[in-house]
Amino acid sequence: LVNEWNNKTVEITGFSKEEAFGKPLVNTFIKSNLRKQVQSVMTNAIMGNETSNYELEFDTKTGETVYLLVNATTRRDPDGQIIGVVGVAQDVTKAKHNENANIAVARELRQLVDTANAPIFGIDAGGRVNEWNDKTAEITGFSRDEAFNKPLVSTFIKSNLRDNVQNIMKNALNGMQTSNYELEFETKTKQTVYLLVNATTRRDTDGTVVGVVGVAQDVTETKKNENAITAVARELRQLVDTANAPIFGIDKNGLVNEWNNKTVEITGFSKEEAFGKPLVNTFIKSNLRKQVQSVMTNAIMGNETSNYELEFDTKTGETVYLLVNATTRRDPDGQIIGVVGVAQDVTKAKHNENANIAVARELRQLVDTANAPIFGIDAGGRVNEWNDKTAEITGFSRDEAFNKPLVSTFIKSNLRDNVQNIMKNALNGMQTSNYELEF
């Protein structure tokens, strides 16, 4: 039963202390699909087996969900007898929402990789195939199952090029990437296909190299009359690292007086280098200093801030992004003596977000400037996609076409019923290939 419920828990859940005290924590506040699992964590903690960085989903009073990253710690009386469990948490709801958005983007990118018109393949640190999209299967004749876990170089590369390609892969595994390198693949029928490849180092969440991904362009046909074709490779970025949180603090004068190991790790500045330095002027990006100073000043005045994004300058001149709770620090008499910031490093998520924005921008440009007509409708059958080529061949501009019912406006009258059925089927998930329309 709940016997500890601080002001922050009240704030984020909407339940007052009076409403929470004496209630069964798991059955009252935890999402129903997670109760069994959370009960196990609590039971373990009551038995003395503590848990760190466990993610809970709380039901708020308004029916919303908040995500908390919790350390479940055994609580003992003065005699060392276990009397309960206390959870110290960080509200990661905003980060979780970002994570879910990134997962959705990753899922879409996964589909884009698999169905891309460009061959995409990859190897693990041992040189064995662990990525092989549909286009690669199509042009080589080897299915994904036939290719997976096979040594890429000795299995699929022309024998006279294996040493060179092995060096390219070895360099990429050592962090030295290669762009627009031409590979000659041997197909299942012993033919040769020419691929122009960007070999990109693939890393895990800790930055450890785990393989290489190649995004390629099939230049087999154009090889006869072209010297080079540019291909662009982008590697999926890893999501937010949920390791131990950086914690830093300042005194009333804004000078650093708290700087934990995680902060040292992500900024590159040791405690000795950071202590006594003005936090804002030393470590915060110059264009944000005035804004961050205001946040810190407010916290020193007792007005705390949650989930505020800071950009730190690292020792190597890089930028790290931190999602920070700026909390007023008080002495035993309740006097404000400074501010402590408990943060989450969201640098990877920020980079992923920037990369996803760049991908979306490039895909938008590809759609608009494609040499093939591309058009689309919403669930009501109204035009919501109309690229330059479609405008060119129909004579209707994007402005003239948008929000018009596609079938009744642009399709020949004798075909409208058939086309309407095609569109209805597609809206129900039944796609159609190579269907001839008369506009």
Side-chain angles (χ1 to χ4, degrees), residues 102 106 109-110 112-114 116 118-137 139-140 142-187 192-219 228-243 265-266 268 314 316-318 320 345 347-352 354-356 358-359:
N102 287 332
L109 289 176
R110 176 72 269 167
L112 285 173
V113 167
D114 287 341
I120 300 175
F121 56 91
I123 60 170
D124 61 22
R128 293 174 295 275
V129 173
N130 61 2
E131 185 71 64
W132 197 263
N133 78 338
D134 297 344
K135 191 66 177 179
T136 309
I139 64 175
T140 64
F142 292 100
S143 69
R144 184 180 281 106
D145 290 339
E146 291 174 314
F148 260 48
N149 293 317
K150 299 290 194 307
L152 176 75
V153 174
S154 60
T155 308
F156 302 105
I157 303 301
K158 300 285 286 185
S159 57
N160 60 315
L161 296 176
R162 288 175 185 166
D163 287 345
N164 285 342
V165 175
Q166 190 66 56
N167 285 333
I168 293 292
M169 297 299 166
K170 182 179 179 181
N171 287 339
L173 287 170
N174 287 321
M176 295 175 284
Q177 303 178 125
T178 301
S179 298
N180 295 331
Y181 183 79
E182 189 175 277
L183 290 183
E184 296 181 22
F185 263 66
E186 195 165 67
T187 70
T192 299
V193 292
Y194 297 87
L195 300 181
L196 200 63
V197 179
N198 285 352
T200 304
T201 306
R202 198 170 194 173
R203 299 175 185 272
D204 64 15
T205 53
D206 298 321
T208 303
V209 174
V210 294
V212 179
V213 63
V215 180
Q217 176 110 9
D218 182 2
V219 294
I229 293 177
T230 304
V232 178
R234 279 188 174 88
E235 178 71 359
L236 302 178
R237 303 294 182 186
Q238 298 295 329
L239 299 176
V240 175
D241 183 356
T242 57
E265 176 188 329
I266 65 173
T314 70
T316 58
E318 297 174 290
V320 291
D345 181 1
T347 304
K348 290 184 183 296
K350 191 71 173 177
H351 290 168
N352 285 342
N354 292 338
N356 289 332
V359 169

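Along the sequence shown, the residues carry numbers beginning at 1.
- Rounded to the nearest 0.5 Å, atoms OG1 (Thr316) and CD (Glu318) are 3.5 Å apart.
- A donor-acceptor pair under 3.5 Å is absent between the side-chain atoms of Thr136 and the main chain of Pro119, judged by distance alone.
- Residues Val193 and Thr187 share a closest heavy-atom pair of CG1-CG2, 3.7 Å.
- When all heavy atoms of Ile266 and Val320 are compared, the pair lying nearest together is O-CG1, 3.6 Å.
- Between Arg203 and Val209, the closest side-chain pair of non-hydrogen atoms falls below 4.5 Å.
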Can you check side-chain contact (heavy atoms from CB on, under 4.5 Å) on Arg202 and Asn130, steps first, answer last?
CA-CA 12 Å; Arg202 198 170 194 173; Asn130 61 2; 4.2 Å; yes
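- Rounding to the nearest 0.5 angstrom, the gap separating the CD1 atom in Ile120 from the CD atom in Glu131 is 7.0 Å.
- Shortest non-hydrogen contact noted between Ile168 and Ala199 is CG2-CB, 4.1 Å.
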Please step through ring-ring contact (aromatic ring centres under 6.0 Å, His included) for the pair Phe121 and Phe142, ending with a clear verdict.
CA-CA 12 Å; Phe121 56 91; Phe142 292 100; over 10 Å; no
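- Annotation: side-chain contact (heavy atoms from CB on, under 4.5 Å) contacts of Val129 (sequence neighbours excluded): Trp132, Ala147, Phe148, Leu152, Phe156.
- Residues meeting the side-chain contact (heavy atoms from CB on, under 4.5 Å) test with Val165, sequence neighbours left out: Val153, Ile157, Leu161, Met169, Tyr181, Leu183.
- Among residue pairs with one or both ends in residues 150-174, those qualifying as side-chain hydrogen bond (donor to acceptor under 3.5 Å, both in side chains) are Lys158-Thr192; sequence neighbours excluded.
- A pairwise comparison of heavy atoms in Ala216 and Val197 identifies CB-CG2, 3.7 Å as the closest pair.
- Judged by distance alone, with hydrogens and angles left aside, the side-chain atoms of Gln177 form a donor-acceptor pair with the main-chain N or O of Thr201 at under 3.5 Å.
- Note that CD of Gln217 and CG of Asn198 are 10.0 Å apart. Values are rounded to the nearest 0.5 Å.
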